[in-house]
Amino acid sequence: RRTPLLRALATHTSPHGTITPPNQSFTEYVAAKVQQHDPNKPMLVDALSGQTLTFGQFAPRVARAAERLKTAASKPFGAGSTLLIHSPNCVDFPVAFHAALALGGVVSTSNPLYTPRELAHQISDCGASHILTVGVFHDTVKEAVELSGSDATIGVLGTDSSICQDGADGGAGTFSLADGDRTAIGGGVVSTSEPFDASSCLAALPYSSGTTGLPKGVMLTHGNLVANLEQTYELVKRARPDLLGDNDVLLGLLPMFHIYGMVTILHYSMIHGSTLVTLPNFEPETFLKAIAQHRVNVAHLVPPLILFLAKHPAVKPEMISSLECIMSGAAPLDAHTQQEAATRIGCEVVQGYGMTETSPVLTIDCVKGGKPGAAGQLVPSTEACLKVADPASPSGFRDAAPGEEGELWCKGPQVMPGYLNRPDATAETLVDGFVRTGDIATVDNEGNFFIVDRVKELIKVKGLQVAPAELEGLLLTHPAVADAGVVGEPDQRTPGDERPHAFVVLKPETQLSAVDVTNFVAGRVAAYKHIQNVTFVPEIPKSASGKILRRVLRDRLKEGSTQ
Ligand code: 4UU
């Protein structure tokens, strides 16, 4: 009799109730919402080129792009096919995305700054049949396709021959989203002869290393994406209706290939009916100009960008006077920095928390003006518990006592069904329907969660993932390196941000400088993954089972001791 009560106490449910997401494809859901807004209103505006896509142009543009994907490409795209979008933010991004989904296929997204070898890994891993990129990255993509041995077809966005341009024959196309077969979880095809089930059809494959190892394809279903948009939108509607203005202008700076940019910024803006001002990269001048010129009032950012706005001498109050609300996510923002930033910028700063594996949103701070340091409350239909390792318990875990820190485990319709082709990693991450976040949290009496530490391997650089295992694997390919361990070193100038630090063991009779090590890595991975500091050590501390004791390495950095 006692067990159910204890279980009930240990599981936290959302204070914002539940939602019943419609059983629709993601594209059908988004297109129906988009259609409810003024067809002449700009939905996306490219801050650099001025290129605009209105709410009314969206559906016909998707229909045309789908037609071209299906017919113009050297091999037809359809159910079971995967489109890899390798592009900076642009107005064509959602068009290409939904054209692929409308045909029953799947979309994977990659960082356009990847080197050919990083991109080649994703091309083979996700099994991309088609790749869309922009002109400047065409050669990189071509090289990556060759490296991967794939026969993927490459197309170009943003040119006259682009699949996303309106054709000479007009853009009156309509598309039937319910028609056609779809891609099943893990590949294969779900036939239309079966009733549509959004939770069993695969839609997106963003990449995440999860709690350990190399980047993996995160299988997100149509149901996951629809649910998370409903959860986010409904939470704002119920708890912060003042944040649902009719004429909001949002900032599309964070990359659309990452889950934050893809769902919480791009698609949230589209369904809400806001105008999204997109930027292809961060450059102080264009960033400030975009905010001022378009009167951006809601900006989804990561902590280093918030610090830039709060502290950089180039930022003058009149440049950012339109800002009313800044949403911070993807990395920790401590209470002090949050409050100081809100005061200096002169607008509210609130946090959201989530991960790629949860489509992404798990919590949002609903306190008006922001609850300092809080990641927020659970979005509707989401459950969480805090787990502490306990060798005495049969499961190896016990629930945290009230007020005690524990690993956050979450459950809800936004949780992925698993990693692509990785049943082992899936089984480690999903337990009884709960996803293990690898984050340590506490919760207060009002259901506000605070993320206090990260216990998974992941390093976060400006909100983007850097997988230590990837850099370690790369370092081990150097002929002079006997062993290596990489951890995130807190960046003193930017609280919450990290930089990869390598501990390296050299082979006997070899010589290597720190610069040799950083250069070796720099030639092979995108800039944000570059090793910033190197410490040579006689050995890498490991557990009895051979796992790197990262905590020990991190503690050494904290102590400033390198031995
Ligand atoms: C401390 O970064 C993301 C998702 C970001 C996001 C989600 C919901 C931003 C706004 C929003 O509303 O996904 P990933 O997969 O790249 O990284 C996930 C990890 C988390 O497990 C956690 O360690 O990023 C860290 N993280 C945070 N940490 C994400 N948000 C926070 C946060 N505080 N607010």
Side-chain angles (χ1 to χ4, degrees), residues 109 111 204-212 215-218 220 228-229 231-233 235-236 240 243 250 253-269 298-306 325-335 337-338 349-366 370-379 382 384 407-410 412 414-416 419 429 435-442 448-467 488 490 495-498 528:
T109 53
N111 187 330
L205 276 174
Y207 271 64
S208 165
S209 60
T211 53
T212 181
K216 296 172 270 291
V218 176
L220 296 179
N228 202 236
L229 281 174
Q231 290 171 308
T232 314
Y233 190 76
L235 176 78
V236 176
R240 290 296 308 274
L243 286 180
L250 272 57
L253 166 66
L254 300 184
M256 293 173 187
F257 69 77
H258 182 247
I259 197 75
Y260 188 8
M262 181 195 297
V263 179
T264 316
I265 306 176
L266 171 64
H267 283 100
Y268 178 81
S269 181
V298 179
H300 292 80
L301 299 172
V302 290
L305 290 167
I306 297 171
C325 179
I326 289 178
M327 177 68 79
S328 176
L333 183 67
D334 67 89
T337 309
Q338 183 177 354
V349 177
V350 292
Q351 284 193 62
Y353 160 80
M355 56 200 289
T356 310
E357 289 80 350
T358 61
S359 309
V361 190
L362 290 168
T363 67
I364 294 181
D365 180 8
C366 303
K371 189 172 182 71
Q377 298 177 327
L378 294 169
V379 293
T382 304
E407 187 191 354
L408 182 57
W409 292 26
C410 293
Q414 73 273 52
V415 175
M416 64 162 185
Y419 294 110
T429 306
V435 62
R436 297 185 59 175
T437 64
D439 295 310
I440 302 294
T442 60
N448 294 298
F449 284 81
F450 294 80
I451 308 299
V452 296
D453 197 7
R454 188 186 303 133
V455 284
K456 56 186 162 189
E457 278 180 9
L458 184 63
I459 300 171
K460 277 269 163 146
V461 179
K462 296 190 172 69
L464 292 179
Q465 293 199 357
V466 177
D497 204 18
E498 299 175 311
Y528 68 100

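Just so you know, ligand 1 is whichever comes first in the structure, and atom 1 is the first atom listed for that ligand.
Taking every heavy atom of both residues into account, Q338 and V349 meet most closely at NE2-O, 2.8 Å. L408 and A384 get closest at one heavy-atom pair: CD1-CB, 3.8 Å. Residue V263 comes nearest to L229 through the heavy atom pair O-CD2, 3.7 Å, listed as atom of the first residue, atom of the second, then distance.
A side-chain donor-acceptor contact under 3.5 Å links Q231 and T382. With no hydrogens or angles considered, no side-chain donor-acceptor pair links T358 and Q414 at under 3.5 Å.
Under 4.0 Å from any atom of ligand 1, one finds heavy atoms of residues H258, I259, Y260, T264, G329, A330, A331, P332, Q351, G352, Y353, G354, M355, T356, P360, V361, T437, D439, I451, R454, K456, K460, Q465.
By the neighbour-count criterion of 12 heavy atoms within 6.0 Å, atom NZ of K456 is densely surrounded, having more than that number from other residues, nucleotides or ligands.
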